[in-house]
Amino acid sequence: MKKNVLWVAVALMTAVMTAGCSSSSSEEQLTPDEPLPTESDEPQPNEDNERHDISLTRAEQELVSSNNDFAFNLFRQVTSQKSEIVSPISITYALGMLNNGAAGQTQAEINKVLGFGEAGADGINAFCRKMLTEAPKLDKLTKVMIANTIYMNKGYELKTDFITKAKTYYNADPETRNFADGKTRDVINKWGNDHTEGMIPEVLTEDEFNPEAVSYLLNAIYFKGAWAEKFDKNNTKNEAFKGYGGETQVAMMHQEHEFNYAESDDCQVLRLPYGNNAYSMTILLPKEGKTISDILVTLTAQTWQRYQWMGSAVVNVKLPRFESKSDVDLTTIMPALGMPSAFDFRLAEFPNFCNVPTYIGMMKQVAKIKLNEEGTEAAAITVIGMEMTAMPSEPRRVNFHATRPFLYVISEQSTGAIFFIGQYLGD
């Protein structure tokens, strides 16, 4: 039997903005007399900003670790010869919500790819619910919002149990619309724009939107924080950046302070915290003669966990301010990671999703990041389309000059959960 089309759009939007800086694209040159833009809704300092960690059982921590392995496996598949950013947690929310409609081999593959194995759909649901409710409360200087929604096309119905789980674990409240009304794409795009603070104004292009689709599911995460140690905009200078495509001029931020720092044979590792240290950006800078690929070969949840226990050093930091955007087709990447049956109309099993048989016909993610003196602003939208059927006691002094391509990770500190992973190549 021929299967109709089911589109499931899931959006994750994250923005991180620190106090004391400005926005600029990687191609923009610094003009000394040009006023720096400011953010009117920037998180305000608060003396009472005690850090609150997310409490996990050992079993839950192991699941987060496995999910971080998914993040690194994903980025190894995505990485190319240009600046990229992806949000693995966006895909976790997208597939986690959809996984409640899956069964059999299809569900087993999704569980395994996301790192939840025998914990299954219930484990993914519990993780997503915990992050949904607790992540926004960890730091008063960091604004975190997570939202989910479901749009159903007129004539199709979600299964009752699926609706219950979507509401219980994802706070998603389904809405039925006539997708052929000429307005639904605008409604979806407005929802995405609203939940990314305008960073991603278009979730689906006119060519991508299918008025015969059965459903669109969206997840949004917004993140905006203040650097614990701010960059002084007066120290930002135009300097050379040696990208893989040649040397370019970028606006380079400067500061010297005591930070968590580590080294390996391949790279230097620097953690720049936000607010009360509940969230941070970890930058992995390849040593001279090494590349990002050399780092990715050995980057796993285990090595990532070791980086959470870095020592400290007085670090002279040079970091470019930049802006980049990614549009990643996940239709071939996710099957390659180990979940092929969900994309095969002959094998896909989604009997618990809605009143028609379905399979994933399209999956993509759009993500954007701005890193500047104010901090980092990032957003991502994942779209799934479905078709029927040990350190010294005294800190040492080191230089961390990001004047060549580097890898970066935005994560929650107490769990190590990865929100974003990307690379900047100077383009």
Side-chain angles (χ1 to χ4, degrees), residues 16 23-30 71-88 231 236-254 261-272 281-300 303-304 307 315-330 332-333 336-337 364-373 376-380 398-411 418 420-427:
V16 186
S23 300
S24 173
S25 109
S26 59
E27 298 179 355
E28 179 184 3
Q29 296 303 303
L30 184 64
F72 298 128
N73 290 334
L74 170 70
F75 197 73
R76 275 188 280 270
Q77 291 283 335
V78 168
T79 185
S80 64
Q81 293 303 307
K82 63 179 182 179
S83 297
E84 299 274 13
I85 177 173
V86 295
S87 176
F231 287 88
T236 301
K237 306 172 184 177
N238 290 331
E239 294 189 24
F241 186 92
K242 299 177 182 178
Y244 295 144
E247 186 173 295
T248 59
Q249 290 288 312
V250 302
M252 191 73 70
M253 306 183 299
H254 292 245
Y261 175 84
E263 289 186 23
S264 69
D265 291 339
D266 295 325
C267 67
Q268 296 176 275
V269 183
L270 175 67
R271 183 187 300 143
L272 298 179
M281 172 177 281
T282 301
I283 305 168
L284 297 91
L285 178 65
K287 291 185 175 178
E288 292 286 356
K290 298 291 185 178
T291 66
I292 290 174
S293 296
D294 294 325
I295 300 174
L296 286 173
V297 166
T298 59
L299 191 55
T300 65
T303 56
W304 173 247
Y307 291 146
V315 187
N316 183 283
V317 181
K318 290 185 180 183
L319 185 65
R321 69 185 194 193
F322 66 87
E323 178 178 334
S324 60
K325 182 179 179 181
S326 295
D327 191 332
V328 180
D329 183 357
L330 297 168
T332 57
I333 290 175
L337 288 174
K364 62 174 287 190
Q365 183 178 91
V366 180
K368 186 175 182 179
I369 184 169
K370 295 179 182 180
L371 189 148
N372 47 55
E373 293 94 340
T376 314
E377 188 174 14
V398 298
N399 290 329
F400 189 95
H401 294 169
T403 57
R404 54 190 180 274
F406 57 86
L407 188 71
Y408 58 87
V409 176
I410 298 174
S411 64
I418 294 172
F420 282 90
I421 180 171
Q423 64 182 15
Y424 177 65
L425 307 186
D427 53 350

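The structure displayed is predicted, hence computed values, not measured ones. This chain uses plain numbering: 1 for the first residue, then up along the sequence.
Note that the NZ atom of Lys290 and the SG atom of Cys267 stand 10.5 Å from one another [nearest 0.5 Å]. The NZ atom of Lys318 sits 12.5 Å away from the CZ atom of Phe241 when rounded to the nearest 0.5 Å. Taken to the nearest 0.5 Å, the CD1 atom of Ile283 stands 4.5 Å off from the CG atom of Leu272. Note: Thr236 OG1 to Met252 CE = 10.0 Å, rounded to the nearest 0.5 Å. With rounding to the nearest 0.5 Å, the separation of CZ in Arg321 from CG in Leu319 is 11.5 Å. Remark: Asn316 CG to His254 NE2 distance equals 8.0 Å, nearest 0.5 Å.
Scanning both residues, Arg271 and Thr282, for their nearest heavy atoms gives CG-OG1, 4.0 Å. Contact between Tyr424 and Phe322 at its shortest, heavy atoms only, is CE1-CB, 3.4 Å. Here the shortest heavy-atom pairing between Asn238 and Ala251 reads OD1-CA, 3.9 Å. Nearest approach of Thr291 to Pro286, heavy atoms of both residues: C-CG, 3.7 Å. What you find for Ile292 and Tyr244 is that their closest heavy atoms are N-OH, 3.4 Å. Closest approach of Phe400 and Val315 over heavy atoms only: CB-CG1, 3.4 Å.
Of the N and O atoms on the side chains of His401 and Glu239, not one donor lies less than 3.5 Å from an acceptor on the other residue.
In this structure, the side chain of Gln423 engages the main chain of Ser80 through a donor-acceptor pair within 3.5 Å. Under the 3.5 Å distance criterion, the side-chain polar atoms of Ser326 are matched with a main-chain donor or acceptor of Ile85. Side-chain atoms of Thr303 come within 3.5 Å of backbone N or O of Thr300 as a donor-acceptor pair. A donor-acceptor distance shorter than 3.5 angstrom exists from the side chain of Gln268 to the backbone of Asn399, with no hydrogens or angles considered. In this structure, the side chain of Lys287 engages the main chain of Ser264 through a donor-acceptor pair within 3.5 Å.
The residue from Gln365, Arg76, Gln77 that alone fulfils the side chain to side chain contact (heavy atoms under 4.5 Å, CB included) condition with Ile333 is Gln77.
Between Phe75 and Leu299 the shortest side-chain heavy-atom distance does not fall below 4.5 Å. At a threshold of 4.5 Å between non-hydrogen side-chain atoms, the residues Pro405 and Leu425 count as touching. Put simply, the side chain of Leu407 reaches to within 4.5 Å of the side chain of Leu296, judged on heavy atoms. Looking at heavy atoms from C-beta onward, Ile369 lies out of side-chain contact with Phe420 at the 4.5 angstrom threshold. Counting heavy atoms from C-beta outward, Lys364 and Asp327 have side chains that approach closer than 4.5 Å.
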Practice problem: May I have the step-by-step check of side chain to side chain contact (heavy atoms under 4.5 Å, CB included) for Asp266 and Leu284, ending in yes or no? | Solution: CA-CA 9 Å; Asp266 295 325; Leu284 297 91; over 6 Å; no
